[in-house]
Amino acid sequence: MAFFEIRNLLVRHKTFEGIKTVLDIDNITLEKGETYGVVGESGQGKTVLALTILKLLACPPGIIERGEILLDGENLLKKSFTQMQRQIRGRKIAMIFQDPMSCLNPVFTVGDQMRDVLHQNRGMNRKQAHEEAIRLLGEVKLADAENMLLKYPHQLSGGQRQRVIIALALACGAEFLIADEPTRNLDVTIQASILKLLKELQSKFGITVLFIANNLSLVSAFCDRVGILYNGQIIEQGKTADIIEQPQQEYTQVLVNAVRMTAKTPDVFENDEVILKVDQLKKYFNINDELKKQRNLTLKAVDGVSFELKKGEVLGIVGESGCGKSTLVNTILNLFEPTSGSVLFEGKDVFAAGQKDNTAIKKNVQIVFQDPYWSLNPRWLVKEIIAEPIDVYEHLGEQERLTRVYKLLEMVGLPADAAFKYPHEFSGGERQRIAIARSLASNPKLVVLDEPTSSIDVFSQAQILGLIKDLKKQFNLTNILISHDLGVVHEMANKIAVMYLGKIVEFGPADRIFNSPQHPYTRALFNSIPKLDSMGMENLVTLEGAIPSPINPPSGCAFHTRCANACEACSQTTPAPVWMGEDYYVSCLLYKQ
């Protein structure tokens with residue numbers, strides 16, 4: 001008998017439109033120690049499957065009509081809520097959620113939360129729980145575990161929070177682990193290290209893993225077998241290599257093609273007009289570290305950044321979380337007051353502009369934020385959200401205003417009646433379309449895209465990227481694209497700036513950087529991307545070590561503490577930009593002028 005098995009599971013959901021089928025799964029089996037990937041786009045029932053296994057699905061409106069979920073021969077669907085709570089959850093089955101901030105209590109320290117779990121589930125006293133918590137944080141490779149226990153969740157990076165969640169999942173000795181898109185909101189290097197950590201822990205403790213994802217490239221690196229979930233049904237399953245190399249179903253073929261990086265022909269620009277010039281821009285924050293009782297510290301978020309952007313170009317800014325990407329853009333947009341440096345938009349100083357010029361600059365520079373759910377006012381109808389920039393910069397009658405809104409909705413592929421709905425009535429991809437429509441309402445010249453596809457699935461991502469390309473041509477836009485997804489940057493950008501600890505370490509044409517990256521950090525970023533053509537964890541390269549603190553950065557080259565090519569000089573000398581052709585430079589001591 002298999003260690004875990006799902007048989008003839010049928011889950012329905014009551015809605016205002018009637019009863020809908022959410023899951024209709026004939027069979028899924030996992031042997032002990034195996035990794036099984038469930039792949040599908042948003043809305044196909046992946047998370048409902050995980051909640052059903054743990055009996056956490058809200059019923060009603062959910063209805064489990066039939067089926068069996070067997071763990072070591074026991075049918076979980078026949079167990080009561082109390083039995084699941086006392087015997088199964090945590091002890092036999094643990095879950096790693098997609099967003100660690102949603103399952104870590106923000107008002108308690110990491111130590112409080114870990115000790116509470118160990119006390120409640122394993123009966124440990126405070127001292128025993130404290131020692132076990134330190135051991136568990138060591139297992140998930142968190143440095144300075146004792147200090148980590150004193151911190152609150154908001155004081156940790158995304159990767160650190162996810163490691164804490166994994167430690168909590170291991171705390172009670174669970175043999176079966178459900179990982180619900182555990183790396184979705186992490187950058188490529190942290191994503192690779194989390195996958196490697198999970199695989200090491202799986203091997204060490206003999207854990208069986210059900211891995212939920214919307215991206216086949218992750219599954220190709222991590223999973224032994226894979227099942228494709230479409231409309232609540234497993235339409236195809238088998239060994240990962242067989243599914244990726246010879247997909248039988250059309251939907252599976254689309255999933256495979258969605259993650260294959262294809263070489264693109266870079267756009268040719270004949271326009272030499274510089275629309276944006278950034279010169280030695282710095283943004284420092286004065287902060288206090290209450291934990292270490294240190295005051296008046298300086299955090300160098302952006303530290304001497306310079307570049308030029310020509311009209312019609314797309315600049316991709318990439319780098320790990322915390323490298324300063326969003327701070328750079330927010331300072332360029334004058335949302336943060338700069339410490340020093342200058343930004344010229346169409347030759348006008350953004351920071352010294354008068355009231356009239358400042359209004360013109362704001363009208364011509366718009367931004368699309370990462371999460372459309374939080375950037376759209378939930379109390380406003382879509383027509384009010386989209387029309388807000390129109391109301392600020394123009395004075396139109398109600399009918400003319402509504403006509404503009406209809407036209408903008410049409411441009412982003414949404415029906416006119418969407419104007420009279422609220423944001424919560426749309427999917428993630430649709431909300432992002434609304435945010436894009438709002439950014440175009442003032443007829444801007446430069447649109448900043450801050451991680452525009454990070455919170456949506458691969459299909460919606462492809463649609464949004466196609467829409468952005470079409471609108472760029474239609475409006476002759478210039479774009480700055482921030483992303484930790486290098487595939488998105490490869491698809492969209494013709495120039496790339498690679499940032500590390502507040503500085504640009506490599507800058508130049510996108511095709512040249514992707515085909516032949518020069519800086520060791522850029523190469524490490526590209527090597528961390530899971531690739532369908534090189535399956536298996538042994539082919540997944542991770543960048544060792546954590547990003548140093550921007551409060552106390554290393555001397556010399558900031559990357560030398562993690563660089564495989566570092567020499568003694570790297571720790572003593574800060575590298576100057578080395579120009580390797582027009583519009584291309586690398587800040588690294590490996591290269592000479």
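Residue indices begin at 1 and follow the sequence shown. All figures in this text were calculated on a predicted structure; none of them were measured in a lab. These values consider heavy atoms only, across backbone and side chains, with no hydrogens, waters or symmetry-generated copies.
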Here the gap from Glu31 atom CD to Tyr36 atom OH, rounded to the nearest 0.5 Å, amounts to 12.5 Å
Original post:
In terms of side-chain geometry, is the basic nitrogen of Arg12 or Glu65 positioned less than 4.0 Å from the acidic oxygen of its partner?
Top reply: yes
*Can you find a pair of side-chain heavy atoms, one from Val505 and one from Met499, that are under 4.5 Å apart?*
no
Here the pair of heavy atoms bringing Asp224 nearest to Gly33 is OD2-O, 4.5 Å
_Test item: Lys151 side-chain N/O and Val110 main-chain N/O as donor-acceptor pair under 3.5 Å_ = no
Closest heavy-atom pair, Lys79 versus Gln87, reported as atoms and distance to 0.1 Å, is NZ-OE1, 3.6 Å
Here the pair of heavy atoms bringing Lys325 nearest to Cys323 is CG-SG, 3.2 Å
Practice item. Check whether any side-chain heavy atom of Val219 sits under 4.5 Å from a side-chain heavy atom of Thr240, and report yes or no. Key: yes
**Cationic tip of Lys283 above Phe285 ring, under 6.0 Å, 45° of axis** = yes
Set out, in order, the CA-CA distance, both residues' side-chain angles and the distance that settles side chain to side chain contact (heavy atoms under 4.5 Å, CB included) for His519 and Phe559, then state yes or no. CA-CA 10 Å; His519 198 282; Phe559 185 60; 4.0 Å; yes
Side chain to side chain contact (heavy atoms under 4.5 Å, CB included) between Asn125 and His119, intermediate numbers included
CA-CA 6 Å; Asn125 60 37; His119 172 70; over 6 Å; no
Counting distance only, does the side-chain N/O of Asn75 pair as donor-acceptor with the main-chain N or O of Ile69 below 3.5 Å?
yes
Original post:
Where does the angle between the aromatic ring planes of His154 and Tyr152 fall among parallel (under 30°), tilted (30 to 60°) and perpendicular (over 60°)?
Top reply: parallel
Rounded to the nearest 0.5 Å, the CG atom of Asp26 sits from the CD atom of Gln233 at a distance of 7.5 Å
Under 3.5 Å donor-acceptor, Ser571 side chain and Glu568 backbone
yes
Check: Glu245 side chain, Asp242 main-chain N or O, donor-acceptor pair, under 3.5 Å:
no
Ser326 meets the side-chain hydrogen bond (donor to acceptor under 3.5 Å, both in side chains) criterion, sequence neighbours left out, with Asp450
**Message:** Within the 4.5 Å heavy-atom criterion, are Ile178 and Leu54 side-chain neighbours or not?
**Reply:** yes
| query | For Asp24 and Thr21, does a side-chain donor sit closer than 3.5 Å to a side-chain acceptor? | reply | no
*asked:* Using a 6.0 Å distance limit plus a 45 degree cone around the ring axis, check whether Arg89 lies over the aromatic ring of Phe176.
replied: no
Exactly one candidate in Thr52, Ile63, Leu49 meets side chain to side chain contact (heavy atoms under 4.5 Å, CB included) with Leu57; the answer is Thr52
| query | Would you say Arg225's side chain and Gly37's backbone share a donor-acceptor pair under 3.5 angstrom? | reply | no
d(Leu9 CG, Ile25 CD1) to nearest 0.5 Å is 5.5 Å
- Quick one: does His13's side chain have a donor or acceptor within less than 3.5 Å of a partner on Lys20's backbone? no
Are a donor atom and an acceptor atom from the side chains of Asn27 and Glu5 found within less than 3.5 Å of each other? yes
task: Taking the side chain as every heavy atom from C-beta outward, state whether Ile317 and Leu481 have any pair of such atoms under 4.5 Å apart.
output: no
Margin query: Does any part of the side chain of Gln113, heavy atoms only, come nearer than 4.5 Å to the side chain of Pro153, both counted from C-beta?
Written below: yes
Correct closest heavy-atom pair for Leu104 and Val164 would be CD2-CG1, 4.2 Å
Smallest heavy-atom separation, Gly324 atom then Val302 atom, equals O-CG2, 3.9 Å
Between Glu132 and Arg122, is there a side-chain N and carboxylate O pair less than 4.0 Å apart?
-> yes
Do the side chains of Arg126 and Asp116 get close enough for a salt bridge, i.e. N-O under 4.0 angstrom? no
OH (Tyr284) and OG1 (Thr327) are apart, to the nearest 0.5 Å, by 13.0 Å
(Q) As a quick check of understanding, evaluate side chain to side chain contact (heavy atoms under 4.5 Å, CB included) for Tyr251 and Val256, giving each step before the final call. (A) CA-CA 9 Å; Tyr251 179 75; Val256 171; over 6 Å; no
For this session: Indicate yes or no: does Lys32 engage Glu34 in a salt bridge with an N to O separation below 4.0 Å.
Result: no
Looking only at heavy atoms, the pair that brings Leu137 and Ala167 closest together is CD2-CB, 4.1 Å
Do Ile64 and Leu77 have side chains that get closer than 4.5 Å, going by heavy atoms? yes
Just by modelled atom types, is the Ile243 backbone N or O under 3.5 Å from a matching donor or acceptor in the Glu236 side chain?
no
Q. Is there side-chain contact between Leu177 and Ile166, with at least one heavy-atom pair below 4.5 Å?
A. no
SG of Cys223 to CG of Leu210, rounded to nearest 0.5 Å, is 8.5 Å
The side chain to side chain contact (heavy atoms under 4.5 Å, CB included) partner of Pro553 among Leu501, Leu299, Asp303 is Leu501
Quick check on Phe108: does its CZ atom have over 12 non-hydrogen neighbours (other residues, nucleotides or ligands) under 6.0 Å away? no
Would one find more than 12 heavy atoms of other residues, nucleotides or ligands at under 6.0 Å from atom CZ of Arg86? no
Start with the C-alpha gap between Ile53 and Leu76, add the side-chain angles, then the distance that decides, and say whether side chain to side chain contact (heavy atoms under 4.5 Å, CB included) holds. CA-CA 7 Å; Ile53 292 169; Leu76 301 181; 4.2 Å; yes
Within the structure provided, determine whether Leu149 and Ile134 are in side-chain contact (heavy-atom separation under 4.5 Å). yes
Rounded to the nearest 0.5 angstrom, the NZ-CE distance for Lys92 and Met84 is 10.5 Å
message: Hydrogens and angles aside, do Gln202 and Thr35 bring a side-chain donor and acceptor to less than 3.5 Å of each other?
response: yes
